[in-house]
There are 2 protein chains.
Amino acid sequence: MAHPESDQTPAHWRRRTEAALRDAGLRCTFPRHAILDWIAAAAAPFTAEQVVAALETQHGTSSRATIYRLLDWLQAAGWLTRLYSDGTQHTYARFWPGHHHIAVCLRCGSATIMSECHIEEGIRPALAALDFELQGHVLELYGVCGNCRTHSN
Amino acid sequence: MAHPESDQTPAHWRRRTEAALRDAGLRCTFPRHAILDWIAAAAAPFTAEQVVAALETQHGTSSRATIYRLLDWLQAAGWLTRLYSDGTQHTYARFWPGHHHIAVCLRCGSATIMSECHIEEGIRPALAALDFELQGHVLELYGVCGNCRTHSN
DNA sequence: TGATTGATTGATACTAAATCTCAATACTTT
DNA sequence: AAAGTATTGAGATTTAGTATCAATCAATCA
């Protein structure tokens, strides 16, 4: 497994995304540092406008355009995932490349891998009963991760 | 079961939503008829702006405000569901009140119920392995329903 | 070190989705 | 027919997200 669960801390995500930027030939500029810092410190899933409000208005460290650009890149590279949302704005959570099913911790904002095979097993009989030809799916689970339950509250 | 699968045709959805409007004390006006007709005839999940383009621009039957109002009401009442979407616009599919897990047919646009218990069975062991406290979830399956596979193609 | 080169930034303009407003209109009831 | 209420819709407004492009910055090379 490329990313063992124990490594999936915000601090590790912060280090890995900076390395990923460099590996992609992108520069680790001050505005990008500020954005990565903010995301790594986010205590829950967040919207682009929350980042804008925190960095553009309050500190003047990163402009709206820079923030949207980096969020898009991080999502395309698999370091962020867009969550289902009832509202108008996209909601993001920290993520790790290569994962597809997620359990989003509403306390620390991390999105950790779910074992895909178990889920497919559960879905298969229901699909068969419907004679439904599956072409794609979205599964998102929300709650509190084991780490948060252990270390706080 | 309140809505057996065999009843979940677009035509039945059309009749039931009109009845639901009346039951709620709302009037079945000409603009609302046109909107319900369009949704019942929709061949796939759709956006609010698609309805606007079809009814406002082409025929002048319903204004943007009326369309958004009815879509909101239908969703709140359980007759539409918003789908996960990568894009900016909300995407809707016909739905039936009281259901939570959906299999969306990309050909006829219907969203039919999935057996909840089977899915939960599949998820539970994976959650236990993560020590994850589940508070909510989104599951959406996309494909082609048995009815569409039988009758067309 | 200083110049060069190309990536990056950010102020601003723009587009598009969705909401809000309120006078005009259309039902419904009496 | 009149009164009262729900509904409509044109247009203004808000907001998210995108596009532009001159100015700036960072990395490399001489």
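Because the structure is predicted, anything quoted here is derived from the model rather than measured. Residue numbers start from 1 in every chain, and the chains themselves are labelled A, B, ... in the order their sequence lines are given, proteins ahead of strands.
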**Student:** Got A:L70 and A:L21 here, is their nearest side-chain heavy-atom distance under 4.5 Å?
**Tutor:** yes
**Student:** Just so I know, are the side chains of B:F132 and A:Y142 near enough to count as touching, which here means a heavy-atom distance under 4.5 Å?
**Tutor:**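 In short, these two side chains do not touch, never coming nearer than 4.5 Å.
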**Student:** Sequence neighbours left out, what passes salt bridge (charged side-chain N to carboxylate O under 4.0 Å, His left out) with A:R14? Give chain and number order.
**Tutor:**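 Testing A:R14 for salt bridge (charged side-chain N to carboxylate O under 4.0 Å, His left out), a comparison that skips the adjacent residues, returns A:E18, A:D37.
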**Student:** Map A:F30 and B:C28 onto DNA chain C by nearest heavy atom, then report which one ends up closer to the 5' terminus.
**Tutor:** A:F30
**Student:** What is the distance, rounded to the nearest whole Å, between atom CG of B:L55 and atom C1' of D:dA10?
**Tutor:**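 Those two atoms, CG and C1', are 17 Å apart.
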**Student:** Distance check needed: D:dA27 P versus A:R32 CZ, whole Å only.
**Tutor:**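 To the nearest whole Å, that distance equals 11 Å.
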**Student:** Hey, can you tell me if A:W13 and A:W79 have their rings parallel, tilted or perpendicular (30° and 60° cut-offs)?
**Tutor:** perpendicular
**Student:** Does any nucleotide pair with D:dA30 by Watson-Crick or G-U wobble geometry, both distances under 3.5 Å, and what is it?
**Tutor:**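 Base partner found: C:dT1.
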**Student:** Do A:Y68 and A:V51 make a side-chain contact, defined as non-hydrogen atoms from C-beta onward lying under 4.5 Å apart?
**Tutor:** no
**Student:** Might you list the N or O atoms of the protein lying below 3.5 Å from N or O atoms in nucleotides 16-26 of chain C, with each pair's distance?
**Tutor:**
unit_1	atom_1	unit_2	atom_2	d
C:dA17	OP1	B:Q89	NE2	3.1
C:dA18	OP1	B:H90	N	3.2
C:dA18	OP2	B:Y68	OH	2.9

**Student:** Rounded to whole Å, please give me the gap between CD in A:Q50 and P in D:dA16.
**Tutor:** 11 Å
**Student:** Please enumerate all residues that pass ring pair (Phe, Tyr, Trp, His ring centres under 6.0 Å) together with B:W38, with sequence neighbours excluded.
**Tutor:** B:F46
**Student:** What's the CG-C1' distance between B:L21 and C:dC27, to the nearest Å?
**Tutor:**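 Distance, rounded to whole Å: 15 Å.
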**Student:** Would you say A:T29 reaches D:dC25's phosphate, i.e. side-chain N/O to OP1/OP2 under 4.0 Å?
**Tutor:**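 For A:T29, the contact criterion (side-chain N or O under 4.0 Å from OP1 or OP2 of D:dC25) is not met.
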**Student:** To the nearest Å, how far apart are B:L70 CG and D:dT7 C1'?
**Tutor:** 12 Å
**Student:** Atom CH2 of A:W73 to atom P of D:dT18: distance rounded to whole Å?
**Tutor:**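 Atom CH2 in A:W73 sits about 18 Å away from atom P in D:dT18.
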**Student:** Just so I know, are the side chains of A:L80 and A:I39 near enough to count as touching, which here means a heavy-atom distance under 4.5 Å?
**Tutor:** yes
**Student:** To the nearest Å, give me how far apart CG (A:L26) and C1' (D:dA27) are.
**Tutor:**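 Rounded to whole Å, this separation is 14 Å.
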**Student:** Under 4.0 Å between a side-chain N or O of B:T66 and OP1 or OP2 of D:dG9?
**Tutor:** yes
